[in-house]
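Since this is a predicted model, take the numbers as computed values, not measurements. Chain A is the first sequence line, chain B the second, and so forth, proteins listed ahead of strands; every chain is numbered from 1.
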Number of protein chains: 2
Amino acid sequence: MTGVPAVCVIGLGLIGGSVLRAADAAGWQAYGATASAADAEAARSEGFDVAADVDEALRRASSDDALLVIAVPLTALDTVLRQVARFAPHCGLTDVISVKGPVAAGIEARLPEAPYVGGHPMTGSSVSGWAGGSAELFQGAPWLLVTEDDTDRAHWLRTARLALACGAEVVAASAREHDAAVARISHLPHVLAAVLASVGSGGGGLAMSLAAGSFFDGTRVAGSRPALVQAMCEGNRDELLAAIDDALGRLGVARGSLATTGSLAATINHGHLSRTQWIESKTLPTGEFQVQFLDPDAPAELRALGEAGGRVRTVHGDVLRGVLPRRD
Amino acid sequence: MTGVPAVCVIGLGLIGGSVLRAADAAGWQAYGATASAADAEAARSEGFDVAADVDEALRRASSDDALLVIAVPLTALDTVLRQVARFAPHCGLTDVISVKGPVAAGIEARLPEAPYVGGHPMTGSSVSGWAGGSAELFQGAPWLLVTEDDTDRAHWLRTARLALACGAEVVAASAREHDAAVARISHLPHVLAAVLASVGSGGGGLAMSLAAGSFFDGTRVAGSRPALVQAMCEGNRDELLAAIDDALGRLGVARGSLATTGSLAATINHGHLSRTQWIESKTLPTGEFQVQFLDPDAPAELRALGEAGGRVRTVHGDVLRGVLPRRD
């Protein structure tokens, strides 16, 4: 690729709007479109390059050979993919949707020939839509890129350059590994928060009057917009079912132990150890790594680094450099 | 009661140490004792009146007719009750332990004749022991007092005066109502946090690397000292089993719905509504109430006010005044 790279963002909500701003700030030729008239108007009023409609943006992306970023909810994906198939069928694609297996399946069905690398920037804001975004939203945040053995290497590198240009750090995983991980650390927490909020309110006015810190924290994400939470969780059905089963099993063991022996030691000690190790892992010293991404084993090597907490911070040619925690 | 009221606090950890400080600051004749040499030394060095040992403090309380506050962990209760039975068997008793049914049963077994009103100040600190406490710890916090139909009215009023002198607001409930409520809003959150932390860490390094806000909040209390959490949860076994069963049932329903229909709408919407109503209930306008506590129906009336979120703020003679949320 020579000259200024081009990126076309479809969907200008919190994440898509932030990609447009951050890529623009990093010197990419960045433009986009959205089905939301309010978001389009807001983006234009701030001086961003927003096409009249999605079809127009896609035609332009096709002639520019822009990197296409799909930043719409999973429920709108198929509609957008039909438009892409019609107006920009040869563009390289990525997306920022919070599940990866179902998106890959959708793209395989509609655009089997298009180069595609799935993405998931792990960041957010309590304000949704264009108004909640910013060029700085991705600074230092992990941006997961799906990295399979048969991933199109050149397209992966181009997508990684976008993520890094936006200020993020790239984490590699397979789609299945990603979906299993986020089921445990993002989707299950939302389900448990909803369950806890309901059990608490089932205790009536006295329970609600006495509830404080532990209930506040444990139910916080139950305050998120239900439609968004529902779409996110339901979109990752298979992996979330496995995570719920794990939680049901552990909660059942706790129940059985408390009922028969009166002890919750195993449950509480294991939970405490898990939480403590996680908190400590954030402050481990880091070591550096380097990967030649065109080497045959590079995807497997990068996934192993991702599993060990590694993050890519720079790409030069096909040389990736990054850091990972060192357990000395 | 005439003159300066006396209070003797057994156990000078976070809560007991704060009761000693707050009662002293409010002008009560306040003294105490603890089996912890470190806490005793720290309290004495700050000028508080700390007896050489628990036996000595109890002898003094017996001659003063002091209100005895038992502020030791549930696991140390029986040891202290044996000492009370020997050295101060006629003193009026209260306690600040986080379950009420088991404490009432313990006192019924060792001191069936002593006037007793169970208490539970709902506050805390991340620092335990004397060092974590302060005279201001109870300001505006709910302080639950067990209020049964056969509660000793004069002793209840004396205990309420102590709670109010410490800056707290008194909430009335039966022991069973209290234990059922805290199982749902305090003990279950600790069990769910432990389960979530363990399910997350079961996802390995990638899951721990990607975990952020929702996992952080949902597992926060799994960072608490395991021995304290275990004692608190195990001490409320019967009610916690019921709360866990409620959670297991709701989580099982969510699992079944997701597996069969693909929908989590009912779970997520109910959780959202519960959380939202709870948050909103904190800002409802308040109305005032007044109860003559020597009236025959007063305990039932106060419990109904407690269930509606009512809190007693003053006691004059047997007249209680307080506030409760108004749902206009």
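The choice from A/A254, A/P226, A/G218 that makes the most heavy-atom pairs within less than 4.5 Å of chain B is A/P226. The candidate with the highest count of non-hydrogen atom pairs below 4.5 Å against chain A, out of B/T267, B/L240, B/D245, is B/D245. Across B/L273, B/L206, B/V253, the residue that shares the most heavy-atom pairs under 4.5 angstrom with chain A is B/L206. Chain A forms more heavy-atom pairs under 4.5 Å with one residue of B/V182, B/L196, B/I244 than with any other, namely B/L196. Taking A/G213, A/S198, A/S209 one by one and counting their heavy-atom pairs under 4.5 Å with chain B, the maximum is reached by A/S198. Annotation: maximal heavy-atom pairing with chain A below 4.5 Å, among B/L192, B/I268, B/L188, B/L258, occurs at B/L258. In terms of non-hydrogen atom pairs under 4.5 Å with chain A, the most contact-rich of B/V191, B/V195, B/L241 is B/L241. Residue with the most contacts toward chain B among A/G249, A/A141, A/S224, A/G310: A/S224 (heavy-atom pairs, distance under 4.5 Å). Counting heavy-atom pairs closer than 4.5 Å to chain A, the top-ranked of the candidates B/A243, B/G223, B/G306 is B/G223. Of the residues considered (A/S186, A/P325, A/S263, A/A227), A/S263 shows the highest number of contacts with chain B, using heavy-atom pairs under 4.5 Å. Between chain B and the options A/A194, A/A265, A/S214, A/G204, the largest number of non-hydrogen pairs under 4.5 Å is found for A/S214. Ranking A/P189, A/P142, A/A183, A/G252 against chain B, the residue ahead of the rest is A/P189, based on heavy-atom pairs under 4.5 Å.
In this structure, the portion of A/V171 lying under 4.5 Å from any heavy atom of chain B is its side chain and not its backbone. No part of B/D238 comes within reach of chain A, as not one of its non-hydrogen atoms sits under 4.5 angstrom from that chain. There is no contact between B/A308 and chain A, counting heavy-atom distances below 4.5 Å. No part of B/S281 comes within reach of chain A, as not one of its non-hydrogen atoms sits under 4.5 angstrom from that chain. With a 4.5 angstrom heavy-atom cutoff, B/H190 touches chain A only via side-chain atoms. Neither the backbone nor the side chain of B/S257 has a heavy atom closer than 4.5 Å to any heavy atom of chain A. If you measure heavy-atom distances from A/A193 to chain B, you find no contacts under 4.5 Å at all. Looking at A/T276, there are no atoms closer than 4.5 Å to chain B (heavy atoms on both sides), in backbone or side chain. Of the atoms belonging to B/A180, not a single heavy atom falls under 4.5 Å from chain A. Only the side chain of A/V221 comes within less than 4.5 Å of a heavy atom of chain B; its backbone N, CA, C and O stay farther away. Residue B/M208 touches chain A through both its backbone and its side chain, counting heavy-atom pairs closer than 4.5 Å. For B/V199, the parts sitting under 4.5 Å from any heavy atom of chain A are the backbone and the side chain alike. Of the two parts of B/A247, the backbone and the side chain both hold a non-hydrogen atom closer than 4.5 Å to a non-hydrogen atom of chain A. Using a 4.5 Å cut-off between heavy atoms, B/L144 touches chain A through its side chain atoms alone. Contact annotation for B/S201: only side-chain heavy atoms (C-beta onward) come within less than 4.5 Å of a heavy atom of chain A.
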For this session: Show your reasoning for whether side-chain contact (heavy atoms from CB on, under 4.5 Å) applies to A/L284 and A/R326.
Result: CA-CA 6 Å; A/L284 286 176; A/R326 266 194 299 125; over 6 Å; no
Problem set entry | side-chain contact (heavy atoms from CB on, under 4.5 Å) between A/L14 and A/L137, intermediate numbers included | CA-CA 9 Å; A/L14 172 68; A/L137 189 69; 4.2 Å; yes
For this session: Give the intermediate values and the outcome of side-chain contact (heavy atoms from CB on, under 4.5 Å) for residues B/E239 and B/R176.
Result: CA-CA 8 Å; B/E239 297 297 346; B/R176 202 205 55 72; 3.6 Å; yes
Problem set entry | B/F138 and B/M122: CA distance, side-chain angles, deciding distance, side-chain contact (heavy atoms from CB on, under 4.5 Å) verdict | CA-CA 8 Å; B/F138 307 109; B/M122 308 287 291; over 6 Å; no
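Ring orientation note: the planes of A/H178 and A/H120 are nearly perpendicular, at an angle over 60° on the 30°/60° scale.
For the pair A/R220 and A/F215, the cation-pi criterion (under 6.0 Å, within 45° of the ring axis) is not fulfilled.
The closest donor-acceptor contact from the side chain of B/T219 to the backbone of B/A222 lies at 3.5 Å or more, if one exists at all. Between the side chain of A/T286 and the backbone N or O of A/L324, no donor-acceptor pair lies under 3.5 Å. In terms of modelled atom types and a separation under 3.5 Å, the side chain of A/E307 and the main chain of B/G205 share a donor-acceptor contact. Without hydrogens or angle criteria, B/N236 side chain to B/D179 main chain gives a donor-acceptor distance under 3.5 Å. A donor-acceptor contact shorter than 3.5 Å links the side chain of A/T260 to the backbone of A/G256.
For A/Q139, the CD atom is densely surrounded, since the number of other residues' heavy atoms within 6.0 Å is greater than 12.
The two residues A/D95 and A/K100 have their closest heavy-atom pair at OD2-NZ, 2.9 Å.
Shown are A/D149, A/T151, A/V146; of these, the side chain to side chain contact (heavy atoms under 4.5 Å, CB included) with A/P299 is made only by A/D149.
Side-chain atoms of A/T147 and A/R303 form no donor-acceptor pair, as typed in the model, at a separation below 3.5 Å.
Looking only at side-chain heavy atoms (C-beta outward), B/T123 and B/W143 stay at 4.5 Å or farther from each other.
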